[in-house]
Amino acid sequence: MTSNTTLENLANNPNCMEDYDPNAMHVTKAREFIRQFLNPVSAIETLALHDSLGRVLAADITSPANVPNYDNSAMDGYALKASDLALARLKVIGTAFAGRAFDGKVGDGECVRIMTGAAMPIGTDTVVMQERVVTDDAFINISEPPKPQANVRYAGEDLKLGQTVLAQGHLMRPADLGLIASLGIAEVSAYRKLKVAFFSTGDELVGLGKPLNTGQVYDSNRYTLFGMLTRLGVEVIDLGAIADDPVALEATLLNAAKQADVVITSGGVSVGEADYMKLLLAKHGQVMFWKVSMKPGRPLAYGKVGNAHYFGLPGNPVAVMVTFYQFVRDALLRLMGQSTPVPLPMFQVQCTQPIRKLTGRTEFQRGILFTDTDGIWRVKPTGAQGSSLLSSMSLANCFIVLDDSVGNLDAGAIVQVQVLDGIV
Ligand code: AMP
Ligand code: MG
């Protein structure tokens, strides 16, 4: 990006950059534009290991020791020295348990009964599995000799002393909790939680528990947003549903920007309606309005209001979810401190049904990945694809991502899918 790509320039004069077209932004380009304005939260806190799940490390974790700390057996069996493998009989001189080492020394022609995880006795370097020996009182005969040094887990094989185990910017997952515990570390340094405030806009919105009149809808967006944000591990601030009233919208917007790192609204950013949000954002922030070349999902607004990042999502319930996963998720993870957020996994599969699509926009159709009768995973669309049909999102376990250049497809065509399970 060039140096004049400031939010202010773009918000005030969208033509200031070549190849920047707010009326036909490509999805990838919009994501990259947003990315350049994202700096992670700076405040850091020390957390007990349990509490760090889903948080982002603010410092590298280096290994204070070798893991494992000592050479040990990978099997239940007998520890011996490799040079004795050819002997017909070996004398069993004791037993080594996990947590209770054999403290004698193993001489020529001798071995030690050993359990998985027990330290290798002095003088041994190989373990023979118990199933590969025939016992004979205090002696064993090896029926199938292992390779020298087999079945031993060496000190430092998992992690080496001084090694960077997890880097700053890493999002903590279950395996990481165990990994850090295996080092004996009980606390980690993490970025503070990101605060995200959100509200819905629209005169037609009604809260749950109230009756609906004709022309009204229940405010569902706030519930999907709550779910998506909670899954990401941010602190959510739900500011309710606000009518299309400039005074109430202004007060809520300013309140949101004051207390949160990120403000998300749904509805009211399309051109032509009771479009107060656009005026308010021009007055209080530096916000760009894009018609992203995607379906569903336009229009989209991004910018800053005060110090808060602002995302203006479309009102249609499916569009809210699609734009969240395509733009907001990546941005929030970066703001949370994650250095390289893992994109939603995308791969190619065969689609079992025809797909209708016009070229010129990237479509995120809702799909179901399933195991076909021949055992191969394939995808089919959920059915009708209207951007107000939230049931399509509920049925889906993936997006079928159809690039701008793709048109109608016959059954059997190969398509790209983005897996949602475990993420949405
Ligand atoms: P808008 O972007 O405000 O023009 O809204 C587009 C469509 O989404 C309209 O049909 C709205 O009624 C609907 N919509 C907007 N906000 C919500 C919401 N919070 N919950 C459910 N539907 C909504
Ligand atoms: Mg509206």
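Atoms within a ligand are numbered from 1 in the order they appear, just like the ligands themselves. The chain is numbered in sequence order, starting from 1.
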Heavy-atom closest pair, residues I368 and L395
CG1-O, 3.7 Å

Strictly distance-based, threshold 3.5 Å: is any side-chain N or O of Q338 a donor or acceptor partner for the main-chain N or O of H170?
no

May I ask you to list the atoms of ligand 1 that are less than 4.0 angstrom from any heavy atom of G268?
1 (P), 2 (O), 3 (O)

Report the residues that fulfil side chain to side chain contact (heavy atoms under 4.5 Å, CB included) with T62, sequence neighbours left out, ordered by chain and then residue number.
T164

Evaluate side-chain hydrogen bond (donor to acceptor under 3.5 Å, both in side chains) for Y191 paired with S42, printing each intermediate quantity in order.
CA-CA 7 Å; Y191 293 108; S42 50; over 6 Å; no

Using a strict 4.0 Å cut-off to heavy atoms of D219, name the atoms of ligand 1 that fall inside it.
18 (C), 19 (N), 20 (N)

Quick one: which of G202, S220, P317 has a heavy atom closest to atom 20 (N) of ligand 1?
S220

May I ask you to check if ligand 1 and N316 share an N or O to N or O distance below 3.5 Å?
yes

For S200, the atoms of ligand 1 under 4.0 Å from one of its heavy atoms are 19 (N)

Determine the interplanar angle of the F311 and Y302 rings, folded into 0 to 90°, and report it as parallel if under 30°, tilted if 30 to 60°, perpendicular if over 60°.
tilted

Residue E204 vicinity, atoms of ligand 1 by number, heavy atom under 4.0 Å:
11 (C), 12 (O), 15 (C)

Side chain to side chain contact (heavy atoms under 4.5 Å, CB included) filter on T362, not counting sequence neighbours, yields H26, V27, F364, V401, D403, D404

Show which atoms of ligand 1 fall inside a sub-4.0 Å distance from at least one heavy-atom site of Y218.
20 (N), 21 (C)

Any N or O of V217 closer than 3.5 Å to N or O of ligand 1
no

